[in-house]
Every structure is written in structure tokens, then in C-alpha cells.
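Structure, as C-alpha cells:
Values below: every heavy atom of this structure, side chains too, minus hydrogens, waters and symmetry copies. By convention here, the first residue in the shown sequence is residue 1. In listed order, ligands and their atoms are each counted from 1.
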Amino acid sequence: MKLLQKMVCLFLSLALMFGASALAETAPAETLFTPGTYEASSQGMFVAIKVQITVSDTAITNVIIDATGETPELGGIAAGKLAEAILLAQTPNVDTVSGATVSSKAIIAAATEALVAAGADIAVLDANRRDVGGEDTPKGEKEVTTDVVVVGAGGAGMAAAIMLHQAGKDFVILEKMPYAGGNTTKATGGMNAAETHYQKEQGIEDSKALFAADTMKGGHALNDPQLVATMANLSSDAIDWLDTIGAALPKISFSGGASVNRIHAPEDGSGVGSYLVDRFSAKLAELGVEILFNTKATELLTDAEGKISGVKAEGEDANYTFHCKAVILATGGFGANEEMYTQYRPDLKGTVTTNAPGATGDGIVMAQALGADLVDIEQIQLHPTVEQTTSMLITESVRGDGAILVNQGGLRFTNELLTRDAVSAAELEQEGQYAYIIFDQNLRDHLKAIEKYVKAELTVQADTIEGLAEQLGIDGTVLAKTLADWNECVKNQRDPEFGRSTGMNADLTTAPYYAIKIAPGIHHTMGGVKIDTAAQVINTEGQPIAGLFAAGEVTGGVHGGNRLGGNAVADIVIFGRIAAQSAIDYIK
Ligand code: ADP
């Protein structure tokens with residue numbers, strides 16, 4: 001909600017900006033609206049999205065979109081982008097946001113209705129469409145001198161920024177998207193940390209050494225042991241620090257790969273990522289730190305000795321040259337850059353991504369231009385059950401509770417509960433490289449997450465297996481036999497063909513039957529730029545690049561060949577803090 005409030009504030013300031021200046025020069029003179037504030041709503045993915053538009057007689061002066069209840073990555077992002085786009089274009093007919101089509105269409109429909117109520121002729125608004133900030137608009141050049149530039153406002157960048165502010169440093173934080181959060185927003189589980197005061201209070205015995213050992217084992221020992229030890233050793237301090245900035249993670253539970261209960265989550269059960277992004281944003285706002293949104297870093301600058309001396313960035317209305325002593329790269333991974341991930345993993349060509357659109361590997365490319373070394377760059381975690389039109393993850397619990405996967409031929413093809421990478425690989429071997437996840441009413445009744453998928457219209461359903469098969473274009477007799485065979489496996493607690501031994505507590509015999517079409521999605525890029533335990537970026541000669549620090553998904557080495565749940569958040573908070581401290585020490 002705080003994030004939403006922030007967005008609303010942003011739209012308001014945009015409204016004032018355009019209302020007061022730009023529009024005055026170019027708005028058509030004719031009367032277009034009956035001045036006032038108009039509201040309308042339209043059904044989005046999960047909730048009705050409300051749009052409130054204020055108009056003068058000649059211009060749209062303010063757009064406020066309330067998408068509370070939509071997921072942050074869908075509704076929140078669409079709300080952010082479309083409020084701005086409608087204001088800029090002065091028509092509701094703007095481009096939908098990719099990955100958030102349903103929310104976008106709802107916003108456009110509600111905005112259209114509100115504007116019609118305001119007396120607008122939408123065809124006239126379209127004819128008068130403004131192209132502010134388009135390709136042809138000349139940009140100014142701005143030079144800014146500061147001590148540190150933080151590139152990227154995801155979890156790692158925001159943690160670093162809070163640290164820099166607390167140390168009284170002069171810095172700038174850039175974010176290429178119009179909102180903060182990146183992939184961090186998508187983290188749902190929690191943060192791994194050992195020997196924390198919360199564990200002690202709850203009687204959980206753990207050790208930093210055990211945390212490190214679990215992480216190495218989970219990463220198939222490909223991880224950099226020193227980075228892992230650093231993360232484990234500083235994890236309880238990081239939890240203490242989160243307490244002090246209003247981002248407490250007191251709820252502890254078990255997560256795969258951990259020897260003890262170690263994953264720390266928000267008290268209220270909300271997703272850890274959106275919670276932290278919300279809290280970090282609130283803290284930065286409270287400290288008076290402004291994130292420079294819509295500003296994309298494009299190049300790192302060095303002096304004659306090869307030390308960091310600046311950053312070039314493209315803003316909406318200006319190209320920037322930041323002169324600085326240190327840079328913290330917190331640009332995230334490259335899971336949203338198909339060209340880049342297929343360069344390292346040609347086998348992943350055509351794979352959709354669950355990643356935020358900003359995860360395009362910019363930091364890796366910029367650091368490489370300065371000679372940075374890369375580690376484990378081909379280590380990419382796939383999630384096997386991603387609905388492809390919305391990039392929505394179908395939680396592992398669906399299979400865990402008894403669902404099966406079938407191909408277009410109506411046949412099972414794998415033990416559905418193998419590791420994410422193995423199930424994904426099996427799907428990619430099927431015709432069309434997709435599958436259907438099949439379950440029944442009994443499973444729906446016992447798993448709350450399903451309601452979200454049904455509401456989002458991701459499910460196909462029928463009262464009979466043959467009816468379901470018909471809708472999927474599968475041979476009904478084959479699918480019926482596949483389900484009968486599976487139910488026999490459940491009865492015998494034995495799956496002779498694929499050796500599945502878990503998620504067999506309930507058969508699939510209760511109508512109606514459901515299917516969701518899924519395929520693998522890129523989930524996390526574990527490799528990246530090489531850093532040392534001080535978060536200094538290391539070049540291909542094994543030397544630190546003076547003044548260049550990096551933290552979070554942009555780096556490699558912490559997760560090795562497989563990232564454990566709870567370690568992405570540990571990585572961004574802990575190394576975000578380390579990078580800031582190292583930059584502070586460096587610029588002294
Ligand atoms: P992490 O988890 O490591 O913090 P995230 O994906 O959460 O990574 O955040 C990275 C952020 O960096 C995203 O918000 C992304 O949009 C932003 N970003 C990526 N490339 C650039 C760039 N070239 N300039 C500015 N911001 C960038």
C-alpha cells in the first residue's frame with residue numbers, strides 16, 4: 001500500500017508538471033472536457049481497478065490508478081506506467097504493459113469510461129495524441145558530481161542506498177524503470193539467516209557454519225566458499241539491521257535445502273520481496289532520498305589509471321554524466337534478456353521468463369567493458385510451471401498436492417516432483433515444449449493458491465476427463481487412461497514408470513477436472529560478475545577494479561549451480577550492505 005501511495009505521489013507530481021507547463025504550450029485550444037474529476041472501474045486480473053481522472057476544459061491534468069489487490073508486478077506496474085502514459089499521450093488509448101495485459105486493458109477501459117463521462121470524444125483525443133518524450137524530442141545534457149552512484153533500485157541497490165545515507169555520504173541512485181523493486185518484488189519465501197535473535201527467541205539451534213555448509217551443498221559446491229561464508233557470517237547482523245529500518249522478518253520456517261528452520265519472513269505472511277521493497281522505499285522516502293527513475297545507466301567511466309570516475313545514463317528528458325568516485329552495480333540479473341541468456345545457454349532459446357522487465361544484464365555488460373570477470377554465467381534456474389501468457393508461476397504445491405503433468409499427446413512424461421531443472425528439461429523435450437498441469441476439484445478445495453489461477457482465467461475446466469481433453473485438443477481416451485493409470489499409482493503408492501514417490505496422497509477422481517497450460521520459465525540467473533568478499537568487482541586478471549562494487553543478482557558465486565530458497569534475499573541484503581560499506585571505506 002505504501003508503494004502504491006508512492007506511485008500516486010509520483011503521478012501527482014507528473015500531473016502538476018504537465019498540467020502547469022508542457023500542456024500550456026501545446027494543448028489544443030478547443031474545449032475537450034467538462035472540467036472536474038471523474039471515476040470509473042473495470043475488472044482486472046483479480047480485482048476491479050479504479051481510475052480517477054481530473055480534467056480541465058482542454059487537458060487531462062491528473063490520473064490516479066488504484067490497483068490495490070492486483071499483484072505488484074501486474075497491477076502495480078501497469079498502474080504506474082499507464083497513469084504516466086495517459087497523462088503524456090492525453091488519450092486513454094496507450095500501449096498495454098507486456099506481461100500485464102489484463103490489468104492494462106482494465107485500466108484503459110476504466111480511463112475511457114471516465115473520460116467519456118467527462119464529455120470527451122475519444123476519437124478527437126486520439127487524433128490529438130501527444131508524443132511527449134518520444135524518439136524525436138531533443139534531450140538536454142546534465143552533469144552531476146557526487147561521491148557514489150548506485151545503479152539499480154531493487155533490493156540490493158536500495159539496501160546500499162540506505163546504508164550510504166546513514167553514513168552521511170553524497171550519492172545518487174538510478175533506476176531505469178519508472179518504479180523500484182526489480183526481481184526482488186517477486187521473492188515470496190523469506191531470507192535465510194543463522195544465529196539470529198529470532199531463532200534464539202524461538203528456541204531454534206542453528207550455526208553460521210551450518211548455513212554455509214547447506215548453501216554449498218545446495219549449490220552443488222560450485223559456489224565461492226568465501227562469499228558463502230561471508231553471507232552466513234553477516235546474516236544475523238543483517239536481520240538486526242532490517243529490524244532497525246522497519247523491515248523486521250520475525251517469522252521463521254523451513255525451506256528446502258536447510259538443515260534447520262532458517263528462513264525469516266514478514267510477520268503478516270506477505271511475500272518477502274514486495275514487503276522489503278515497500279519498507280526500503282518507505283525508508284528512503286523518510287530519509288529524503290529520491291530515486292532517479294526512468295534513468296538507465298549505459299556506461300561506466302574510468303580515469304587514466306583505470307579507477308572509476310563516473311557513469312553515463314539516459315534519462316527521460318536528459319542524458320546524464322555523473323562524475324563520482326565509486327559505483328555500486330545493483331542492476332540484477334539477465335533473465336529478461338533472451339538474446340543474452342541464449343548466448344550463454346542456447347538450449348534456452350524461446351523460454352519465457354518470470355523476471356521483471358528490467359533484468360536485462362546491463363550491469364554485467366557495463367562491468368565487462370571494464371574487464372570484469374564473470375563466474376557461473378551459464379547457471380540459470382528454470383521454473384517448470386509457468387503460465388506463458390501471464391508469466392505467472394503455478395506454485396510447486398499444486399504438484400506437491402497431487403497434480404500431474406501431461407503433454408499434448410495426453411501422456412505423462414516425467415516424475416513431476418524432480419528438481420526444477422529436471423522437470424523443465426523434460427517439458428522442453430515434449431512436442432511444442434509445453435505441458436498441461438492436471439488436477440481435480442478435491443485438490444482445488446485443499447489449495448488456496450488455485451483460486452488465484454481460476455480467477456485469472458488460467459484454468460480450463462470440465463465435468464469429465466473427456467470434456468477436458470476435448471478443450472485441450474487431446475485424445476479423450478488417452479487422457480482418461482493416463483488419469484486411470486495415475487490413480488492406480490496413487491492407490492499402490494508406486495509409480496513404476498517414472499518413480500514418483502511424493503505428492504501421492506490423493507488421487508484425481510473428483511470432478512470437475514482442471515488443466516493449466518504451462519512451460520518452463522527463466523527464474524533466476526545465478527552467475528554474474530565476479531566479486532570478492534568486500535563486493536569489489538574483480539577483473540579477468542584477478543585484480544579489483546578500483547571503485548567498482550557490485551551486489552545481488554548481477555554477481556555470481558554466491559549460489560553456485562543452484563540457488564536455495566531464501567538465499568536470494570540474503571544475498572541482496574547482505575552484499576548490498578557490504579558494497580555500501582566498501583564504497584564508504586574506498587571514498588574516504
Ligand atoms: P537485486 O535482487 O540484485 O537487487 P533486482 O532485479 O531486484 O536485483 O533489481 C535490479 C534493478 O536494477 C531493477 O529495478 C532494474 O530495473 C534496475 N536496472 C537494471 N539495469 C539498469 C540500468 N542500466 N540502469 C538503471 N537501473 C537498472
(request) Look at atom 12 (O) of ligand 1 and say which protein heavy atom is nearest, naming residue and atom and giving the distance to 0.1 Å. (result) G152 CA, 3.2 Å
(request) Select one of side chain, backbone, both or neither to describe which atoms of T331 lie under 4.0 Å from any atom of ligand 1, heavy atoms only. (result) both
(request) Provide, to 0.1 Å, the distance between atom 25 (C) of ligand 1 and the closest protein heavy atom, together with that atom's residue and name. (result) K176 N, 3.3 Å
(request) Do me a favour and list the nearest non-hydrogen protein atom to atom 9 (O) of ligand 1 with residue, atom name and distance? (result) G154 CA, 3.2 Å
(message) Do I308 and Y586 have side chains that approach each other closer than 4.5 Å (heavy atoms only, starting at C-beta)?
(response) no
(message) Counting non-hydrogen protein atoms only, what is the nearest one to atom 7 (O) of ligand 1? Give residue, atom name and distance.
(response) T184 OG1, 2.5 Å
(message) With a 3.5 Å distance limit and no angle check, can you tell me whether S582 reaches the backbone of A579 through a side-chain donor-acceptor pair?
(response) no
(request) May I ask you to list the atoms of ligand 1 that are less than 4.0 angstrom from any heavy atom of E553? (result) 3 (O)
(message) Please work out, at 4.0 Å between heavy atoms, whether the side chain, the backbone, both, or neither of D362 comes within that distance of ligand 1.
(response) side chain
(message) Are S104 and K81 packed together at the side-chain level, in the sense that at least one heavy-atom pair is separated by less than 4.5 angstrom?
(response) no
(request) Kindly indicate whether the side chain of F549, heavy atoms from C-beta on, has any atom under 4.5 Å from the side chain of V148. (result) no
(message) With a 4.5 Å cut-off on side-chain heavy atoms, are I364 and T525 touching?
(response) no
(request) Could you list the atoms of ligand 1 found under 4.0 angstrom from a heavy atom of I572? (result) 1 (P), 2 (O), 3 (O), 4 (O)
(request) Give a yes or no answer on whether the side chain of T146 reaches the backbone of C324 with a donor-acceptor pair at less than 3.5 Å. (result) no
(message) As an exercise, identify every atom of ligand 1 less than 4.0 angstrom from a heavy atom of G182.
(response) 5 (P), 6 (O), 7 (O), 9 (O), 13 (C), 14 (O)
(message) If the contact criterion is a heavy-atom separation under 4.0 Å, does T360 count as touching ligand 1?
(response) no
(message) Using only atom types and a distance under 3.5 Å, with no angle test, would you say the side chain of K176 pairs donor to acceptor with the backbone of G358?
(response) yes
(request) Would you please say whether a donor-acceptor pair under 3.5 Å links the side chains of N567 and T215? (result) yes
(request) For atom 6 (O) of ligand 1, grab the closest protein heavy atom and report residue, atom and distance to one decimal in Å. (result) N183 N, 2.9 Å
(message) Suppose I only count heavy atoms of M177 and a 4.0 Å limit; which atoms of ligand 1 are within that range?
(response) 16 (O)
(request) Consider every N or O of G181 and every N or O of ligand 1, then say whether any pair is closer than 3.5 Å. (result) yes
(message) Are the side chains of K186 and L393 in contact, using a 4.5 Å heavy-atom criterion?
(response) no
(message) I'd like to know whether ligand 1 has A356 as a neighbour, heavy-atom separation below 4.0 Å.
(response) no
(request) Look at atom 14 (O) of ligand 1 and say which protein heavy atom is nearest, naming residue and atom and giving the distance to 0.1 Å. (result) E175 OE1, 2.6 Å
(request) For G552, counting its heavy atoms only, list the atoms of ligand 1 lying under 4.0 Å from any of them. (result) 3 (O)
(request) Taking only Lys NZ, Arg NE, NH1 and NH2, and the carboxylate oxygens of Asp or Glu, determine whether D206 and R262 approach each other closer than 4.0 Å. (result) yes
(message) Looking only at protein heavy atoms, which one is nearest to atom 4 (O) of ligand 1, and what is the separation?
(response) A156 N, 2.9 Å
(message) Side chain, backbone, both or neither: which applies to D571 and ligand 1 if a contact is any heavy-atom pair less than 4.0 Å apart?
(response) neither
(message) Could you tell me if D532 and Q536 have a donor-acceptor pair between their side chains, going purely by distance under 3.5 Å?
(response) yes
(message) On a heavy-atom basis, which atom in M158 and which in S281 lie closest, and how many Å separate them?
(response) SD-OG, 3.9 Å
(request) Would you mind listing which atoms of ligand 1 come within a distance below 4.0 Å of any non-hydrogen atom of G332? (result) 3 (O), 6 (O), 8 (O), 10 (C)
(request) Find all atoms of ligand 1 within a distance of less than 4.0 Å from any non-hydrogen atom belonging to G155, and give their numbers and elements. (result) 4 (O), 7 (O)
(request) Give the numbers and elements of all ligand 1 atoms closer than 4.0 Å to a heavy atom of A330. (result) 10 (C), 11 (C), 12 (O)
(request) Could you tell me the residue and atom name of the protein heavy atom closest to atom 24 (N) of ligand 1, and the distance to it rounded to 0.1 Å? (result) A297 N, 3.0 Å
(message) Strictly distance-based, threshold 3.5 Å: is any side-chain N or O of N192 a donor or acceptor partner for the main-chain N or O of G565?
(response) yes
